[in-house]
J.: 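One structure, as structure tokens, below. Some questions next.
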Amino acid sequence: MAKDRPEPDLDRELSDLPPELRWREWMRRIEAVLFASAAPVPREGLARVVGQGASVDLLIKDLAADLEGRAFEIAQVAGGWMFRTRAAYAPAIRSAADVGDQLIDLSEFDVAVLAAIAYHQPITRDGLKDIFGKEISRDLIGRLHARSLIGTGPRSPRRGAPYTFVTTEQFLVAFDLETLADLPEREQLEDAGLDGGS
């Protein structure tokens, strides 16, 4: 939600409704906001559509219970909530709907570089070269950037001030993470044979 926009005239309290109907209306408002939003909506955004003192967490919990058995669910990712289709329906969606640019079609090496960025951010291309023992192409960095999985971080304090790379909110959404703290511990990756040499 844009912070610059004036807030519309919205009766948040709904004091003319009995408590049960008020709660139901707040749930529906949250549902509408999540349905309309292309990005995760933070708690503060959802709190703008419900009464003061109403628990957004309890409203989300009740809404999630209402959605039980439906093809979609509420997911908590990237510091907010969003609707997503349940994984069981992915094959049906791919066979019937045009979701081309929503799919993350990355090579194994692309994913390894993305993981290195996630664990070592902010990191330069030279830092990635140190991890992988070879130059990381600008094309690969460009692919990750074009998919909004990485962004430009602060300039490195080294001579020449090279750019650094960091993961984005889209990275969190794509990999179903609420925060970077939800990344698997590096020891777990090593135990699974998935850590490529950092």
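All residue numbers refer to positions in the sequence shown, counting from 1. Both backbone and side-chain heavy atoms feed into the values below; hydrogens, waters and symmetry mates do not.
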J.: Indicate yes or no: at least one non-hydrogen side-chain atom of L172 is less than 4.5 angstrom from one of L180.
T.: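 They are in contact (side-chain heavy atoms under 4.5 Å apart), so the answer is yes.
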
J.: Once salt bridge (Lys or Arg N to Asp or Glu O under 4.0 Å) is applied, do any residues pair with D126, and if so which ones, sequence neighbours excluded?
T.: R158

J.: Rounded to the nearest 0.5 Å, what separation is found between the CZ atom of F165 and the CG atom of L144?
T.: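 If I round to the nearest 0.5 Å, the distance is 9.5 Å.
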
J.: Residues two or more places apart in sequence or in another chain: which of them pass salt bridge (Lys or Arg N to Asp or Glu O under 4.0 Å) with E25?
T.: R29

J.: Could you tell me the separation between the CD1 atom of I117 and the OG1 atom of T124, rounded to the nearest 0.5 Å?
T.: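 If we round to the nearest 0.5 Å, I117:CD1 and T124:OG1 are 10.0 Å apart.
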
J.: Contact between T164 and I123 at the side-chain level, heavy atoms closer than 4.5 Å - yes or no?
T.: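 No, every pair of side-chain atoms sits at 4.5 Å or beyond.
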
J.: Is Y163 isolated, or which residues cluster with it under the ILVMFWY side-chain rule of less than 4.5 Å, directly or via members?
T.: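 Result for Y163 is none, singleton.
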
J.: For a quick test of reading the model, state the closest non-hydrogen atom pair linking D66 to R24 and the distance between them.
T.: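 The pair with the smallest heavy-atom distance is OD2-NH1, 2.6 Å.
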
J.: Could you go through the side chain to side chain contact (heavy atoms under 4.5 Å, CB included) check for L67 and F72 one step at a time?
T.: CA-CA 7 Å; L67 297 174; F72 56 95; 3.6 Å; yes

J.: Mind checking the CG-CD spacing from L59 to E31? Nearest 0.5 Å is all I need.
T.: 12.0 Å

J.: Give a yes or no on whether V113 and V111 share a hydrophobic cluster (residues Ile, Leu, Val, Met, Phe, Trp, Tyr; joining criterion: side-chain heavy atoms under 4.5 Å apart).
T.: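 Per the 4.5 Å side-chain linkage, V113 and V111 are co-clustered.
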
J.: Do L106 and R147 have side-chain heavy atoms sitting under 4.5 Å apart?
T.: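 L106 vs R147: side chains touch.
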
J.: Are W81 and V56 side-chain neighbours, meaning at least one heavy-atom pair lies under 4.5 Å?
T.: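 When only atoms from C-beta onward are counted, V56 and W81 do touch, with a gap below 4.5 Å.
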
J.: Within the structure provided, determine whether E13 and Q52 are in side-chain contact (heavy-atom separation under 4.5 Å).
T.: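 The answer is yes; the side chains approach within 4.5 Å.
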
J.: Please give me the minimum heavy-atom distance between T168 and G151, naming the atom from each residue.
T.: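 Closest approach of T168 to G151: CG2-N, 3.5 Å.
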
J.: If two hydrophobic side chains count as joined below 4.5 Å and joins carry through other members, does V49 share a cluster with I74?
T.: yes

J.: Looking only at heavy atoms, what is the nearest atom pair of P91 and A87, with distance?
T.: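 So the minimum-distance heavy-atom pair works out to CD-O, 4.1 Å.
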
J.: Please determine whether residues M82 and M27 belong to a single hydrophobic cluster, defined as Ile, Leu, Val, Met, Phe, Trp and Tyr linked transitively by side-chain heavy-atom distances below 4.5 Å.
T.: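 Result: no, two separate clusters.
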
J.: Could you tell me whether E135 and R125 have a side-chain N and a carboxylate O separated by less than 4.0 Å?
T.: yes

J.: For A116 and F132, work out which heavy atoms get closest and say how close.
T.: CB-CE1, 3.7 Å

J.: Is the shortest side-chain heavy-atom distance between R28 and L63 below 4.5 Å?
T.: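 Yes - at least one pair of side-chain heavy atoms lies under 4.5 Å apart.
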
J.: Can you hop from L128 to V166 via hydrophobic side chains spaced under 4.5 Å?
T.: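 Unlinked, L128 and V166 end up in two clusters.
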
J.: Cut-off 3.5 Å, no hydrogens considered: what does the side-chain donor-acceptor table look like for residues 35-47, sequence neighbours left out?
T.:
{"residue": "S37", "atom": "OG", "partner": "A39", "partner atom": "N", "Å": "3.2"}
{"residue": "S37", "atom": "OG", "partner": "A39", "partner atom": "O", "Å": "2.6"}
{"residue": "R43", "atom": "NH2", "partner": "D57", "partner atom": "OD1", "Å": "2.5"}
{"residue": "R43", "atom": "NH2", "partner": "D57", "partner atom": "OD2", "Å": "3.0"}

J.: Does a side-chain heavy-atom distance below 4.5 Å link L177 with F171?
T.: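 Yes; the side chains approach each other to less than 4.5 Å.
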
J.: Got a second to check how far Y119's OH is from E185's CD, nearest 0.5 Å?
T.: 8.5 Å

J.: Could you tell me which non-hydrogen atom of Q76 sits nearest to which non-hydrogen atom of E178, and how far apart they are?
T.: NE2-OE2, 3.1 Å

J.: Do L183 and V173 belong to the same hydrophobic cluster, where Ile, Leu, Val, Met, Phe, Trp and Tyr are linked whenever their side-chain heavy atoms lie under 4.5 Å apart, directly or via other members?
T.: no

J.: Once ring pair (Phe, Tyr, Trp, His ring centres under 6.0 Å) is applied, do any residues pair with Y89, and if so which ones, sequence neighbours excluded?
T.: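 With sequence neighbours excluded, Y89 shows a ring pair (Phe, Tyr, Trp, His ring centres under 6.0 Å) to no residue whatsoever.
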
J.: Could you pull out all residues at least two apart from E73 that satisfy side-chain hydrogen bond (donor to acceptor under 3.5 Å, both in side chains)?
T.: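 Applying side-chain hydrogen bond (donor to acceptor under 3.5 Å, both in side chains) to E73 gives R84, R86.
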
J.: For the atom pair CZ (F109) and CD1 (I136), what is the distance rounded to the nearest 0.5 Å?
T.: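 With rounding to 0.5 Å, CZ (F109) is 3.5 Å from CD1 (I136).
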
J.: Using 0.5 Å steps for rounding, measure from the OG atom of S55 to the CH2 atom of W23.
T.: 5.5 Å

